Enquirer: 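Below is a structure I'd like to ask you about.
None of these values were measured; they are calculated from a predicted model.
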2 protein chains.
Amino acid sequence: MIYSSELIKGTLKTIVLKLLSDNNRMYGYEITQKVKELTGDKIQITEGALYPTLHALESDGLLTVETEFIGKRVRKYYSLSISGKQKSQEKISELADFMNTMKYLLDIKTA
Amino acid sequence: MIYSSELIKGTLKTIVLKLLSDNNRMYGYEITQKVKELTGDKIQITEGALYPTLHALESDGLLTVETEFIGKRVRKYYSLSISGKQKSQEKISELADFMNTMKYLLDIKTA
DNA sequence: ATCAATGCATAACATTCTTATGTATATTTG
DNA sequence: CAAATATACATAAGAATGTTATGCATTGAT
């Protein structure tokens, strides 16, 4: 089972920031695989969404990038900048809080 | 504190279906107020998002509507149709599951 | 050799909100 | 009682954020 795609909306940036806050550096493809692995294939990040997101986070100054070559193939490692670490914590707590609120909303009897 | 607006994306339909699955019928404005109340003002549904959503759910056959007049003011009560009840359960479990997955993803050390 | 996986990227399009605006009635408050 | 606030609907322009499709190139597996 894969979640309806609209659910991912709004959470992608935070997912990326969270992974980078736990790992010193990661590259795009690695992020897609890690998310697949951690969620048992329930969440699949598309490359069409991920790469523009990484570029946006970088241009916001939250990520720094190092380009490396593995053989002839390019690989771009992203890391959190200082402000990225800050932002990361904020976004993670906000999302975690939101998840709790939504779970509450979905579980209670609202009558 | 109000959540960043992008977080609501993709959850609105399910929120509406959930409220209607617990309440026989509700009208738009009532839904906005109920969500505010239940979430301690953390989630505020805007009318610009809600009314088109209600119309979409209705045109998908998930909701039925009854128009009533309170004095001279119109009020549109929405209820789940048979297929709406079905869909409602599906969407609610999917979202609850997604929330758990996301919480897990945000809480663990992914290193 | 061929196919799948790795690894990046972008563009057209779709979806789903926000913000702004509009209309009207009912209630509260100074 | 006038004015402000709350109730109650609606839609349109624009922003944000994703999907799908496509492209290119290297590397590993059968």
Side-chain angles (χ1 to χ4, degrees), chain A residues 2-17 19 25-37 41-60 62-63 65-78 91 95 98 102, chain B residues 2-17 19 25-37 41-60 62-63 65-78 91 95 98 102:
Chain A
I2 298 178
Y3 299 122
S4 313
S5 60
E6 78 259 18
L7 293 180
I8 312 299
K9 287 211 182 206
T11 67
L12 181 54
K13 273 186 188 168
T14 307
I15 291 175
V16 170
L17 292 173
L19 291 182
R25 57 183 210 158
M26 294 182 88
Y27 56 97
Y29 188 76
E30 185 184 13
I31 292 175
T32 65
Q33 298 309 302
K34 194 75 181 176
V35 171
K36 261 185 72 171
E37 176 200 330
D41 290 6
K42 287 179 176 178
I43 297 181
Q44 311 237 14
I45 295 181
T46 62
E47 295 175 295
L50 180 63
Y51 291 116
T53 294
L54 288 171
H55 301 161
L57 290 172
E58 190 198 347
S59 90
D60 284 349
L62 303 179
L63 302 186
V65 62
E66 292 165 314
T67 300
E68 287 185 20
F69 280 88
I70 307 301
K72 287 182 185 172
R73 193 152 56 190
V74 78
R75 195 181 272 181
K76 293 194 173 178
Y77 281 99
Y78 290 92
K91 299 282 277 180
L95 186 50
F98 177 74
M102 280 300 306
Chain B
I2 298 178
Y3 298 123
S4 314
S5 60
E6 77 260 20
L7 293 180
I8 312 299
K9 287 213 183 205
T11 66
L12 181 54
K13 273 186 189 168
T14 307
I15 291 175
V16 170
L17 292 173
L19 291 182
R25 57 183 212 158
M26 294 184 86
Y27 55 98
Y29 188 78
E30 185 184 12
I31 291 174
T32 65
Q33 297 309 303
K34 194 75 180 177
V35 171
K36 262 185 71 172
E37 175 200 329
D41 290 5
K42 287 178 174 177
I43 298 181
Q44 310 236 13
I45 295 181
T46 62
E47 295 175 294
L50 180 62
Y51 291 117
T53 294
L54 288 171
H55 300 161
L57 291 171
E58 189 198 347
S59 90
D60 284 349
L62 302 179
L63 302 186
V65 62
E66 292 165 314
T67 300
E68 287 185 21
F69 280 88
I70 307 301
K72 287 181 184 173
R73 192 155 56 190
V74 77
R75 194 181 273 181
K76 293 193 173 179
Y77 280 99
Y78 290 91
K91 299 283 276 182
L95 186 52
F98 177 74
M102 280 299 306

Enquirer: Looking at Leu7(B) and Phe98(A), what are the two nearest heavy atoms and their distance?
Expert: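 Minimum heavy-atom separation between Leu7(B) and Phe98(A): O-CZ, 3.4 Å.
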Enquirer: Please list, chain by chain and in numerical order, all residues satisfying side chain to side chain donor-acceptor pair (under 3.5 Å) with Lys13(A), sequence neighbours excluded.
Expert: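 Lys13(A) satisfies side chain to side chain donor-acceptor pair (under 3.5 Å) with no residue once adjacent residues are dropped.
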Enquirer: Using a 4.0 Å cut-off to any heavy atom of chain B, which nucleotides of DNA chain D are the first and last in contact, reading 5' to 3'?
Expert: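 For DNA chain D, the relevant span reads dA6(D) to dA16(D).
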Enquirer: With sequence neighbours left out, what residues match Arg25(A) under side chain to side chain contact (heavy atoms under 4.5 Å, CB included)?
Expert: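 Result, side chain to side chain contact (heavy atoms under 4.5 Å, CB included) vs Arg25(A): Glu66(A), Glu68(A), Tyr77(A), Ser79(A).
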Enquirer: Locate the shortest heavy-atom distance separating Ile8(A) from Thr11(A); write the atom from each residue and the value.
Expert: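 The pair with the smallest heavy-atom distance is O-OG1, 2.5 Å.
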Enquirer: Base, backbone or nothing for each nucleotide of nucleotides 7-18 of chain C, written B, S, -, heavy atoms under 4.0 angstrom, 5' to 3'?
Expert: SBBB----BBSB
Enquirer: The criterion is salt bridge (charged side-chain N to carboxylate O under 4.0 Å, His left out); which residues satisfy it with Lys42(A), sequence neighbours excluded?
Expert: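 For Lys42(A), the residues satisfying salt bridge (charged side-chain N to carboxylate O under 4.0 Å, His left out) (neighbours in sequence not counted) are Asp97(B).
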Enquirer: Could you pull out all donor-acceptor pairs under 3.5 Å where a side-chain atom in residues 44-56 of chain B meets a protein atom, sequence neighbours excluded?
Expert:
residue, atom, partner, partner atom, Å
Thr46(B), OG1, Ala49(B), N, 3.4
Thr53(B), OG1, Ala49(B), O, 2.8
His55(B), ND1, Tyr51(B), O, 3.3

Enquirer: Which residues pass the ring-ring contact (aromatic ring centres under 6.0 Å, His included) test with Tyr29(B), sequence neighbours left out?
Expert: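 Listed in chain order: nothing, the list is empty.
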Enquirer: Enter the inter-axis angle for the ends of the helix from dA1(C)-dT30(D) to dG30(C)-dC1(D) (five pairs per end, rounded to 10°).
Expert: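 Axis angle across the helix from dA1(C)-dT30(D) to dG30(C)-dC1(D), nearest 10°: 30°.
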Enquirer: Only counting residues at least two apart or in another chain, list the ones meeting salt bridge (charged side-chain N to carboxylate O under 4.0 Å, His left out) with Lys91(A).
Expert: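 With neighbours one apart ignored, the set is Glu6(B).
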Enquirer: For Tyr78(A), check ring-ring contact (aromatic ring centres under 6.0 Å, His included) against everything at least two apart and list the hits.
Expert: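 Tyr78(A): no ring-ring contact (aromatic ring centres under 6.0 Å, His included) contacts found.
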Enquirer: Considering residues at least two apart in sequence or located in another chain, which fulfil the side chain to side chain contact (heavy atoms under 4.5 Å, CB included) criterion with Ser5(B)?
Expert: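 Not a single residue meets the side chain to side chain contact (heavy atoms under 4.5 Å, CB included) criterion with Ser5(B).
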